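Notes follow once the structure below has been shown.
Values below: every heavy atom of this structure, side chains too, minus hydrogens, waters and symmetry copies. Computed from a predicted model, the values in this text were never measured in an experiment. Both counts, for ligands and for their atoms, begin at 1 and track the order of listing.
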Amino acid sequence: MKELKGYLEANKQRFLDELLELLRIPSVSADPKHTGDVRRMAEATAEHLKAVGVDHVEICDTAGHPIVYGEKMVNPKAPTVLVYGHYDVQPADPISLWDSPPFEPVVKKTSLHPEGAIFARGACDDKGQVFMHVKAFEMMVKSDMLPCNVKFMIEGEEEVGSKNLDKFCRDNQKKLACDVVLISDTSIIDHQTPSLTVGLRGLCYMEVEVSGPNKDLHSGVYGGAVANPINVLCQMIASLHDAKRHVTVKGFYDDVEKVSSKERKMMNAAPYDEKRYMKELGVADLMGEKGFSTIERTGIRPTLDVNGIWGGYTGEGAKTVLPSKAFAKISMRLVANQDPHKIEVLFQKHFESLAPKSVKVKVTAHHGGWPVVVPTNSVEYKASEKAMEQAFGKKPLPQRGGGSIPIVAMFDQVLNAKSVLMGFGLDSDDIHSPNEHYGLFNFYKGIETIPYFYKYYAEMKKK
Ligand code: BES
Ligand code: MN
Ligand code: MN
């Protein structure tokens with residue numbers, strides 16, 4: 001593997017420069033204004049795959065944004081790795097809170113990234129992490145050291161729920177046949193503490209509408225006599241948690257996996273500095289479900305959060321109005337064994353039951369996704385563990401991530417393949433926030449680690 005290290009050293013700057021170019025493309029999947037940019041990003045991704053020697057590279061059109069696919073089959077007897085990632089990014093808003101423009105990448109040092117970090121939307125989530133796979137592949141091909149068959153499937157709709165990837169996978173089961181799915185779209189604990197993600201939360205995303213009077217009213221003439229939908233909505237939302245911060249939706253916890261005290265102990269042994277955590281977030285205290293630590297609250301417990309709430313007058317100055325309608329977007333993060341469809345129904349029933357007769361409520365569902373638990377006794381896990389240990393000089397800790405990648409559960413069901421969640425970001429990299437960044441250390445460490453995975457996976461599969 002010495003030749004690979006030499007190759008990486010010799011090409012570091014070029015790898016970085018190439019990534020910076022990709023970060024200039026505003027491939028925001030949620031915003032129709034950027035549809036052309038999303039396609040440009042698909043094309044640029046395809047060009048990079050071709051340039052490093054991936055065969056049969058194609059841009060597969062879907063009902064939404066395209067999927068970039070390509071493969072390199074080196075040996076029918078060797079195992080096949082399907083690399084999954086996404087080239088789309090979250091909207092950059094609010095842009096005024098960025099220290100530098102979101103699509104004009106700059107490298108700056110930070111306290112957690114003393115070697116420097118790339119600041120741009122998508123730097124960590126997920127362009128930087130996808131690009132590590134492209135460059136690791138380049139190194140292996142150029143050094144004649146690619147021990148596995150590789151398939152790349154890079155999508156453009158992860159940030160909007162992977163709506164069309166599901167169908168693509170079902171329609172292309174043969175083409176996508178593989179032994180393992182390799183994904184870098186998660187975090188490590190810190191530079192000195194490598195970790196592998198062994199759980200992802202599921203998601204159930206709802207929107208609610210509360211309607212009162214058939215038009216906006218004068219809040220003096222009618223106020224006090226007619227239900228105010230915003231007041232009512234706030235009360236309904238407030239009742240969704242009890243004093244111990246449990247979610248009150250009936251049946252919400254019925255299927256939640258009970259994690260053994262042994263595993264809980266292990267989770268809580270991971271390094272975590274609560275004071276620093278609060279300081280970084282600018283909060284004087286934390287808040288969450290009673291009886292669970294922060295690591296448990298984000299790793300093994302389901303949650304309910306309001307993502308947005310609106311209605312009435314929000315313009316400049318004051319307008320005295322009793323609004324006709326109020327709205328909120330409410331999401332629930334789910335954990336192992338919770339069924340997003342079932343939770344959707346439970347939430348709808350519960351929320352409707354909360355409404356007083358003076359208002360009407362409408363509950364609709366947005367995207368959802370199943371939670372994921374990754375076994376740690378599989379060949380793929382052992383190979384990724386060994387790869388990280390080799391690169392970091394330390395065995396990685398298994399860690400449950402709080403975020404969601406809804407499509408991972410589908411890989412298991414449709415492609416019958418387990419996923420390795422070997423991400424290299426930090427939770428503090430501000431993904432989805434202003435000033436998203438990705439450490440140069442993390443970028444290069446990822447490129448170094450990936451070929452070890454291929455090596456150990458091929459060896460372990462042979463046995
Ligand atoms: N890469 C993230 C998910 C993630 C981040 C998992 C950090 C674990 C640690 C992914 O791009 C993401 O943002 N997912 C969305 C899913 C949604 C848009 C359907 C999420 O978690 O909100
Ligand atoms: Mn991502
Ligand atoms: Mn994301």
Give me the protein N, O or S atoms that fall under 2.8 Å of the Mn ion (ligand 3), sorted by chain and residue number.
D125 OD2, E159 OE1, E159 OE2, H432 NE2
Taking only heavy atoms of H86, which atoms of ligand 1 are found under 4.0 Å from at least one of them?
11 (O)
Tell me, please, whether Y69 has K175 positioned over its six-membered ring: NZ or CZ under 6.0 Å from the ring centre and within 45 degrees of its axis?
yes
Examine ligand 1 and decide if any of its atoms is less than 4.0 Å from a heavy atom belonging to G401.
no
Starting from atom 11 (O) of ligand 1, find the nearest protein heavy-atom neighbour and note its residue, name and distance.
E158 OE1, 2.7 Å
Exactly one of Q173, K167, K174 should register a side-chain hydrogen bond (donor to acceptor under 3.5 Å, both in side chains) with D171. Which one does?
K167
Which bit of V160 is near ligand 1, meaning a heavy atom under 4.0 Å away: side chain, backbone, both or neither?
neither
When you measure from the heavy atoms of L421 to every atom of ligand 1, does any distance fall below 4.0 Å?
no
So is H432 in contact with ligand 1, going by heavy-atom distances below 4.0 Å?
yes
Which residue and atom name correspond to the protein heavy atom nearest atom 5 (C) of ligand 1, and how close is it?
I431 CD1, 3.6 Å
The protein heavy atom nearest to atom 4 (C) of ligand 1 is D185 O, 3.7 Å
Taken in chain and number order and not counting sequence neighbours, the residues that satisfy side chain to side chain contact (heavy atoms under 4.5 Å, CB included) with P147 are M140, Y454, A458
Residue pair K329 / V306, side-chain heavy-atom distance below 4.5 Å:
no
Do the ring planes of F103 and H34 sit parallel (below 30°), tilted (30 to 60°) or perpendicular (above 60°)?
tilted
Ignoring hydrogens and geometry beyond distance, is a side-chain donor-acceptor pair present between E296 and N268 at under 3.5 Å?
yes
Side chain, backbone, both or neither: which part of D125 comes within less than 4.0 Å of ligand 1 when only heavy atoms are counted?
side chain
May I ask you to check if ligand 1 and D427 share an N or O to N or O distance below 3.5 Å?
no
For R333, the ligand 1 atoms with a heavy-atom partner under 4.0 Å come out as 20 (C), 21 (O), 22 (O)
Which residue and non-hydrogen atom of the protein lie closest to atom 17 (C) of ligand 1, and at what distance in Å?
L203 CD2, 4.0 Å
Measure up the H113 and H191 rings against each other and bin them: parallel (under 30°), tilted (30 to 60°), perpendicular (over 60°).
tilted
Counting heavy atoms under 4.0 Å, the part of H367 that contacts ligand 1 is side chain
Under 4.0 Å between a Lys/Arg side-chain N and an Asp/Glu carboxylate O for D242 and K290?
no
For atom 6 (C) of ligand 1, find the nearest protein heavy atom and state the residue, atom name and distance (0.1 Å precision).
G403 CA, 3.7 Å
Given G368, C124, S187, G85, identify the one with the heavy atom nearest to atom 9 (C) of ligand 1.
S187
Quick one, E257 and V335 - any side-chain contact, counting heavy atoms below 4.5 Å?
no
Out of the candidates M41, H48, E43, only one should pair with T45 under the side-chain contact (heavy atoms from CB on, under 4.5 Å) rule; please name it.
M41
Within 45° of the six-membered ring axis of F137 and under 6.0 Å from that ring's centre, is NZ or CZ of K72 located there?
no
Would you call D430 and H437 a side-chain contact if the rule is heavy atoms closer than 4.5 Å?
yes
In terms of the angle between their ring planes, are F131 and F443 parallel, tilted or perpendicular, with boundaries placed at 30° and 60°?
parallel
Check ligand 1 against P406 and write out every atom of the ligand that is under 4.0 Å from a heavy-atom position of the residue.
19 (C)
Sort out for me which residue in R301, R333, R245 forms a salt bridge (charged side-chain N to carboxylate O under 4.0 Å, His left out) with E289.
R301
Has ligand 1 got any nitrogen or oxygen that is less than 3.5 angstrom from a nitrogen or oxygen of T186?
no
Taking the six-membered ring of Y444 as reference, does the cationic atom of K12 (NZ for Lys, CZ for Arg) lie under 6.0 Å from its centre and within 45° of its axis?
yes
Distance from atom 3 (C) of ligand 1 to nearest protein heavy atom, with residue and atom
S404 O, 3.4 Å
Which residue holds the protein heavy atom closest to atom 18 (C) of ligand 1, what is that atom called, and what is the gap in Å?
E159 O, 3.5 Å
